[in-house]
Peer 1: 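Below: one structure in C-alpha cells.
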Amino acid sequence: QEQLVESGGGLVQAGSSLRLSCAASGRTFSGYGMGWFRQAPGKEREFVAAIVRSSGFTFYADSVKGRFTISRDNTKSTIDLQMNSLKPEDTAVYYCNAVGWPLSKGTPIGPWGQGTQVTVSS
C-alpha cells in the first residue's frame, strides 16, 4: 500500500522561503504524476503543483506560479516543493499525493497523508 509522509512545514514571515518534502513508499503510484495540494482553514483542499516523475514536466496553479518550484528525486522517491516569496494567503496544511491525467486538472489519486502545516505571518 502506498504511503506518503510530508515534512518541512513551519512558521515563517511573509517573503520568506520554505522547502517541503514528501517521501513516498509502497507501490509509489506508478503511472501517475505526483503533486502538492493545500487546505487553508475553512476552505476546500486545492491543487498547488504537479510533476511527471519520468520527464520532469511540471504544472502549477496560477496562485503559485513563479514562486513555487516542484521537483523530484526518483532515486529517493521524494517530491519536494520549494516555496519562495511566501504570502499570508499561502497559509495552509500542505499534502502530497499522486495526480491523475491530465495534470492540469489536479485530480488527486489515493489516500492522504497527515500533511505539514505552513503558516505565513504578515
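If you read the sequence from its start, that first residue is 1, and numbering goes on from there.
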Peer 1: Evaluate Lys76 against Ser21 for side chain to side chain contact (heavy atoms under 4.5 Å, CB included), listing each step before the verdict.
Peer 2: CA-CA 11 Å; Lys76 298 179 181 178; Ser21 186; over 6 Å; no

Peer 1: Going by the angle between their ring planes, with limits at 30° and 60°, are Trp112 and Phe37 parallel, tilted or perpendicular?
Peer 2: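 Trp112 and Phe37: perpendicular rings.
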
Peer 1: Of the non-hydrogen atoms in Asn97 and Pro108, which two are nearest, and what is the gap between them?
Peer 2: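 Looks like ND2-CB, 4.0 Å.
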
Peer 1: Do Ser71 and Arg19 have side chains that get closer than 4.5 Å, going by heavy atoms?
Peer 2: yes

Peer 1: So, taking the atom named CH2 in Trp36 and the one named CG in Asp80, what distance separates them when rounded to the nearest 0.5 Å?
Peer 2: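 Reported to 0.5 Å precision, the distance equals 7.5 Å.
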
Peer 1: Under the 3.5 angstrom rule, does the side chain of Thr91 hit a backbone N or O of Val120 as a donor-acceptor pair?
Peer 2: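 Side chain of Thr91 to backbone of Val120: a pair is present.
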
Peer 1: So if I apply the side-chain contact (heavy atoms from CB on, under 4.5 Å) rule between Phe68 and each of Asp90, Thr58, Leu18, which one comes out positive?
Peer 2: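 Answer to the side-chain contact (heavy atoms from CB on, under 4.5 Å) test with Phe68 among Asp90, Thr58, Leu18: Asp90.
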
Peer 1: Would the distance check show the side chain of Tyr60 and the main-chain N or O of Ile70 forming a donor-acceptor pair, the cut-off being under 3.5 Å?
Peer 2: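 Yes: the side chain of Tyr60 pairs with the backbone of Ile70.
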
Peer 1: Would you indicate whether Lys43, at its atom NZ, is surrounded by more than 12 heavy atoms from other residues, nucleotides or ligands within a distance under 6.0 Å?
Peer 2: no

Peer 1: Is there a path of hydrophobic side-chain contacts, each under 4.5 Å between heavy atoms of I, L, V, M, F, W or Y residues, that connects Val12 with Leu81?
Peer 2: yes

Peer 1: Do you know which two heavy atoms are closest between Ala14 and Pro88, and how far apart they sit?
Peer 2: CB-CD, 4.1 Å

Peer 1: Quick check for you: to the nearest 0.5 Å, what is the distance between Arg72 atom CZ and Ser55 atom OG?
Peer 2: 7.0 Å

Peer 1: I'd like to check Arg38 versus Val64 (side-chain heavy atoms, cut-off strictly below 4.5 Å). Are they in contact?
Peer 2: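 When only atoms from C-beta onward are counted, Val64 and Arg38 do touch, with a gap below 4.5 Å.
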
Peer 1: Side chains of Leu11 and Gln117: does their closest heavy-atom pair fall under 4.5 Å?
Peer 2: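 Answer no - side chains too far apart.
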
Peer 1: Kindly check if the number of other-residue, nucleotide or ligand heavy atoms within 6.0 Å of CD (Gln114) is above 12?
Peer 2: no

Peer 1: Go through the steps to decide whether Val93 and Arg45 satisfy the test side chain to side chain contact (heavy atoms under 4.5 Å, CB included), and finish with yes or no.
Peer 2: CA-CA 9 Å; Val93 179; Arg45 190 148 27 197; over 6 Å; no

Peer 1: Indicate the atoms forming the closest heavy-atom contact of Leu103 with Phe47, along with that distance.
Peer 2: O-CZ, 4.1 Å

Peer 1: Locate the shortest heavy-atom distance separating Ser16 from Gln13; write the atom from each residue and the value.
Peer 2: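 The pair with the smallest heavy-atom distance is OG-O, 2.9 Å.
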
Peer 1: Just so I know, are the side chains of Gln39 and Tyr95 near enough to count as touching, which here means a heavy-atom distance under 4.5 Å?
Peer 2: yes

Peer 1: Closest heavy-atom contact between Ala50 and Val99?
Peer 2: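 Looks like CB-CG2, 4.1 Å.
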
Peer 1: How many angstroms lie between atom CG of Asn74 and atom CD1 of Ile79, to the nearest 0.5 angstrom?
Peer 2: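 So the CG of Asn74 and the CD1 of Ile79 are separated by 7.0 Å.
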
Peer 1: Looking at every non-hydrogen atom in both residues, tell me the closest pair between Gln82 and Ser17 and how far apart they are.
Peer 2: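 Scanning both residues, the minimum pair turns out to be NE2-CB, 3.8 Å.
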
